[in-house]
Amino acid sequence: MIDQRFDPKAHEQRIYQRWEESGCFRPSMDTSAEPYAIMIPPPNVTGSLHMGHALNNTIQDILCRFERMRGKNVRWQPGMDHAGIATQMVVERKLAANGNQDRRSMGRDAFVEKVWEWKEESGGTILNQLKRLGASCDWENTKFTLDEDLSVAVNKAFVDLYNEGLIYRAKRLVNWDPQFQTAISNLEVENKEVDGHMWHFKYPLAGGQTYTYVEKDADGNVTLEETRDYISIATTRPETMLGDGAVAVHPSDERYAPIVGKLCEIPVGPKEFRRLIPIITDEYPDPEFGSGAVKITGAHDMNDYQVAKRGNIPMYALMDEKGFMRADGEAYAEVAVVALRIAEGKEDFDEAKISAMNLVPDQYRGLDRFEARKAVISDITAEGNAVMIADPKHKDEETEAPLIPYVENKKIMQPFGDRSGVVIEPMLTDQWFVDAETLAKPAIAAVREGQTKFVPENWDRTFYNWMENIEPWCISRQLWWGHRIPVWYGADGEVFCAQTLSEAQALAGDGVVLEQDEDVLDTWFSSGLWPFSTQGWPEETDGLKTFYPGATLVTAFDIIFFWVARMMMMGIKFMDGEVPFKDIYIHAIVRDEVGKKMSKSEGNVIDPVDLIDGIDADALVAKRTTGLRQPEKAPQVEKSTRKRYPKGFDAYGADALRFTLAAMATKGRDINLSVDRVAGYRNFGSKLWSATRFAQMYETGFDASVNPSSLGLALNQWIIGELYKCCEQVSEAIEDYRFNDAADAAYHFVWDVFCDWYLELSKPILQGDDGPEKDEVKAVLGWTLERIFALLHPFMPFITETLWEQTAERSSFLMQQKWPGLDHGFFNQDASDELGWVLKTVSQIRSVRADVNVPAGAKVPASLVGANEETARRVEAHRDVIMRLARLEKFEIADAAPAGSVKTVVDEATVVLEIADLIDSGEEVERLDKQLGKLNGEITGLEKRLGNEAFVAKAPPEVVAEQRERLTDLQGTRDKLSLAREQLAAI
RNA sequence: GGUCGAUUAGCUCAGUGGUAGAGCACUGCAUUGACAUUGCAGGGGUCACAAGUUCGAACCUUGUAUCGACCACCA
């Protein structure tokens, strides 16, 4: 006999170890079996399991276990991502904490060695957490993106793309992270709205020239006309004025037509060396916005960069890699003179010359960019070059309002590094790029042609939208942790791209001294190769042949661009045009139960491991309040956590968590995770456990063989039919990625049908005399339970495997058994009708008893009036069990009902409870009236519909017939009930 | 500005044109034998709003309102 309850802690890890040791997670490599592969989205080596991972991996595990049981050759490919920036950050912080070391003083090799040490010691806890969840990955084939074989793949991919011209080096404006001092891709930049200011400054015209500035309204009437010796500019980033190369206005802007082509002065820096820049036209400025004139700082703004390129405007870089104003090069006085000659067209320039020029005036050199901003603003204002307006604070006063500098407070979008959280600075630097546009085309086509399908399909719009507007992908990072770019330079900068140093040397020729590029590749470059690099590419391995393309990619939408798109591009490119996976299942983001994103700063994170192992309230609060960025938030977090989870979390176990996630995994977008539901599904596991215990009490034969088509009892035929129906529903739902439907179908069958009905119905037989009927029920009971174990196994692997193990001597694991319902579909309509009638009869009698307040324990005499032959037969067959479940003293066929009894109609017959003395006839009339009212409402509706000629003519005939039949049934019921009511009222 | 989505029971959510559903919560009853992590019964919804298509709309179309996500943005 199994224990009274299932204790997850006693079994989960033990069972997992047994599975792993026996090699159950390895692919069968059975050549006759259909291959089935899922590539895990490799978690960061620094990562630890969060709810998103738990959902993601539960879904993958359900698919893998399901397909494995269906006989497929399954590889769930696990591994980890080296996560360049994140990992380097972790280790750098750790070094700083332990003795103030920094990577630059250590040197590259020593630092990288440290990271490896850290990886071996602390990296990859997430993989062990996945095991706690029950993930059936092929662990023996675990890969890491920096493994030697994967690095070979990375180098080959790079070299091939380079040789085809799809990777190139260029000087471009890229997103620069001043904290990590590296370029990052567009995707790693998060644009956030922040409170900002827009300053308005005057750029004086060269040589004191003036012009007539005219503003007109929509009808062409002059609203302002004045003589100006300046052009007004608005900016949110005054410090970049130092690098302006021009002022641009729209070609159609009449206000500035008189001064286009003239020079104006940047009103900052030493007076005697003021730089002059040309006023040019470009389509970019919006005449409606600000003053209509835009300062062009090609080296520090993405839009200005385009304008500068079009107009051949020099792009002066102002900052160093830390985001400080440059302090290198010649003194400002000397450089400014050169810049003036360039602006006047008197001196030629090229890229190298411009980038060597440091146009930061001496007094700003070395300042942090935000300090420099303050200084620039105050200097310009002091000199009187700020645009002034009347102070709005004084607008109601009679005296003239004093003038103040024109500074607008407004929300501006600012780019932040998604890892560092600091403001990103566009910087002109040499970087490596992938020609993403070329690679994207076949990937777009593959989705359009249906070689790869998004599930739910509307995500393809998001995919197209991004892929069709894709920009060159910046793949070089100024980091040390990652795949070093396989490019070597000769002494004169000649480029040799090759997979190894010796190959590069061969290209360069003997004796040439080669230096390898210092940069590493974007982590996503190697992740993009994951579906084939993990299977041995570029070697033609069995793994590659068998498991490429994979079946399904399971991931969240926030990674479609980062990863999915790149795998599509790379997979098609390197695997002869074949897509890396057939389906892309995009699942929801897990939020807290009120729909808030889980975040450390909100203190609402639910750690999956806490739900599995349990955590008490104090520990939970402590966990949620430590590490908050805003300490003032902590007390609130503590309060809300204690209120919501006064007892912390029970140890619900992995199965309950998995089942919850599956049941909530609809094809919508968000999952609001409620701990109550986890508790509910933990109870479901207990229910199954105790049902098994029940079976054991009657010495049920587990491991028995049952032939569904040669059973004697309708009860058994019925439950097996229901089981198969359920198996089919679950299979179809999983195939269709409707995990919630699959979980619901299984839950409903096990609890509502099997436990609540089958077990109750079987009790009289199990507790009765020995004989063939009892033997059959015992066999079917055990057999059905075993199929239930199998059916639930993909969702609840631990408890089902434990039950399997503990109910009989087993020669193999449950996870290796056949998926139920494959071989013999069995459904007996007669048995289904018959048991349907039993269930209906019992339920209705129970309902009536409760309605008229018959004491729950009282046994009442009952009879059935108007039963046809078949019903009479059913009464004989099921009398015992009906009497037991409905608590009847007798249940007999009768010709007429005794007066004053309580009645309910089941199909053609009327059940009569002979309890006139127990009840108040007035209340009973009321009850019947209520039911009749409901019935009449429905009948009226149906009659109206069926009376509508258009309905009868146009609706499908089967629908009309169905409604007719329903109407007849309802009318029959109504007639019987109203007869009962009249009899009762007559007393 | 572009794109996608949501609005159904007190709460969290299913529901692809034909009788409005689940879990939790709530109410009443039930305690020796599988299970109180339980059982039985019950209350509770104008499916955001409006118009349209249709014999018939929670579902299709259009519009409105509110909320959300992503992308791109005005110096």
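Here is how names work: the chains are called A, B, and so on, in the same order as the sequence lines, proteins then strands, and each is numbered from 1. Scope of the values below: all heavy atoms of this structure, side chains included, with no hydrogens, waters or symmetry mates.
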Self-check item: Of the listed nucleotides G5(B), C35(B), C55(B), the one nearest the side chain of Phe951(A)
Solution: C55(B)

Quiz item: For Leu187(A) and C70(B), what is the distance between atoms CG and C1' respectively, to the nearest whole Å?
Solution: 12 Å

Exercise. Starting from Watson-Crick (N1-N3 plus N6-O4 or O6-N4) and G-U wobble pairs under 3.5 Å, report the runs of at least three that RNA chain B belongs to.
Key: B:1-7 with B:65-71, B:10-13 with B:21-24, B:26-30 with B:38-42, B:48-52 with B:60-64

Self-check item: Of the listed nucleotides G39(B), A75(B), A69(B), the one nearest the side chain of Lys687(A)
Solution: G39(B)

Quiz item: If you measure from the C1' atom in C60(B) to the same atom in U16(B), how many Å do you get, rounded?
Solution: 10 Å

Practice problem: Report yes or no: is there a donor-acceptor pair, N or O only, under 3.5 Å between the side chain of Ser674(A) and the base of U12(B)? | Solution: no

Exercise. Go through the structure and list residues passing ring-ring contact (aromatic ring centres under 6.0 Å, His included) with Tyr464(A), not counting sequence neighbours.
Key: none

Quiz prompt | Interface residues of residues 953-963 of chain A with RNA chain B (non-hydrogen, below 4.0 angstrom) | solution = Lys954(A), Ala955(A), Pro956(A), Val959(A), Gln963(A)

Exercise. Quick one: which residue pairs count as a side chain to side chain donor-acceptor pair (under 3.5 Å) with a foot in residues 741-755 of chain A, not counting sequence neighbours?
Key: Arg738(A)-Asp741(A)

Quiz item: Are Val750(A) and Lys687(A) close enough, and set up right, to give a side chain to side chain contact (heavy atoms under 4.5 Å, CB included), and what steps lead you there?
Solution: CA-CA 9 Å; Val750(A) 172; Lys687(A) 188 76 180 175; 5.8 Å; no

Quiz prompt | Quiz item: Gln844(A) side-chain donor-acceptor pair to A41(B) base, under 3.5 Å | solution = no

Please tabulate, one pair per line, each protein N/O and nucleotide N/O from nucleotides 21-24 of chain B that are separated by under 3.5 Å, including the distance.
none

Quiz item: Can you check whether Ile606(A) reaches Met598(A) side chain to side chain, under 4.5 Å on heavy atoms?
Solution: yes

Exercise. Mind checking side chain to side chain donor-acceptor pair (under 3.5 Å) for Thr555(A) and listing every partner two or more places apart, or none if nothing turns up?
Key: none

Practice problem: Identify which nucleotide among G39(B), C4(B), A75(B) has an atom closest to any side-chain atom of Asp756(A), counting heavy atoms from C-beta outward. | Solution: G39(B)

